Amino acid sequence: MELQTMYPFRLPRGYVDGEGTLHREGQMRLATAGDELGALRDPRVKADESYMNPLILSKVITMLGTLPEVTPEVIEGLFVADMEFLQDMYDTINKAEKPQIQVTCPHCGKQFVDTINFQGAG
């Protein structure tokens, strides 16, 4: 069995860059211990622990639209809904088990477990 380390996603709202371009499609990789340890050593995190999430997300998001790189400043510029989406995704994919969710079929009402797809419709 091959380990999945990269996860595509589609932001609910999208990041709007300085030129007005909307970026929604992206990719996040699994975090390493070094990602979290490095963030803990960062002076911005030492000054304000709430900066840990933007810093880690900027390390593990390997692509967002056509941006040349994802920096902590890009993460700071996200809409709250997108930031929450990415934090949930980070937590989900970095758990030991496959990311799954309990769902109900809208047609027949049957409940089942399905793998989470971070590429939403629309």
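Just so it is clear, the structure is predicted and the values come from calculations on it, not from any experiment. Just so you know, these numbers use all the heavy atoms, side chains as well, and skip hydrogens, waters and symmetry mates.
Cluster annotation: Leu30 is connected to Met52 through the hydrophobic network of ILVMFWY side chains, with a link wherever side-chain heavy atoms come within less than 4.5 Å. Two different hydrophobic clusters hold Met63 and Phe85 under the rule that ILVMFWY side chains link at heavy-atom gaps under 4.5 Å.
Tyr15 is linked by a side chain to side chain donor-acceptor pair (under 3.5 Å) to nothing, counting only residues two or more places apart in sequence or in another chain. Asp48 meets the side chain to side chain donor-acceptor pair (under 3.5 Å) test with Ser50; sequence neighbours excluded. For the side chain to side chain contact (heavy atoms under 4.5 Å, CB included) test, residues two or more places apart in sequence or in another chain that qualify with Gln111 are Gln102, Thr104. Qualifying side chain to side chain contact (heavy atoms under 4.5 Å, CB included) partners for Gln4, counting only residues two or more places apart in sequence or in other chains: Tyr7.
A donor-acceptor pair under 3.5 Å is formed between the side chain of Thr92 and the backbone N or O of Asp88.
Between Thr62 and Met28, every side-chain heavy-atom pair lies at or beyond the 4.5 Å cut-off. Between Thr21 and His23 the shortest side-chain heavy-atom distance falls below 4.5 Å.
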Let me have the donor-acceptor pairs involving side chains of residues 75-84, under 3.5 Å, with sequence neighbours excluded, atom names and distances please.
| from | atom 1 | to | atom 2 | distance (Å) |
| --- | --- | --- | --- | --- |
| Glu76 | OE2 | Tyr51 | OH | 2.8 |
| Asp82 | OD1 | Arg13 | N | 2.9 |
| Asp82 | OD2 | Gly14 | N | 2.8 |

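Once rounded to the nearest 0.5 Å, the distance linking CD1 of Ile61 with CD of Glu69 reads 12.5 Å. Remark: Ile93 CD1 to Met6 CE distance equals 9.5 Å, nearest 0.5 Å. Atom CD1 of Ile56 is separated from atom CG of Leu86 by 13.0 Å, given to the nearest 0.5 angstrom. Atom-to-atom distance recorded for Leu11:CG and Leu64:CG is 5.5 Å, nearest 0.5 angstrom.
For residues 35-45, every residue pair satisfying the salt bridge (charged side-chain N to carboxylate O under 4.0 Å, His left out) rule, not counting sequence neighbours, is listed here: Arg29-Asp35, Asp42-Arg44.
Within 6.0 Å of atom CD in Glu49, 12 or fewer heavy atoms from other residues, nucleotides or ligands are found, so the atom counts as exposed in its surroundings.
Here the closest non-hydrogen pair linking Tyr90 and Ala31 is OH-CB, 3.3 Å.
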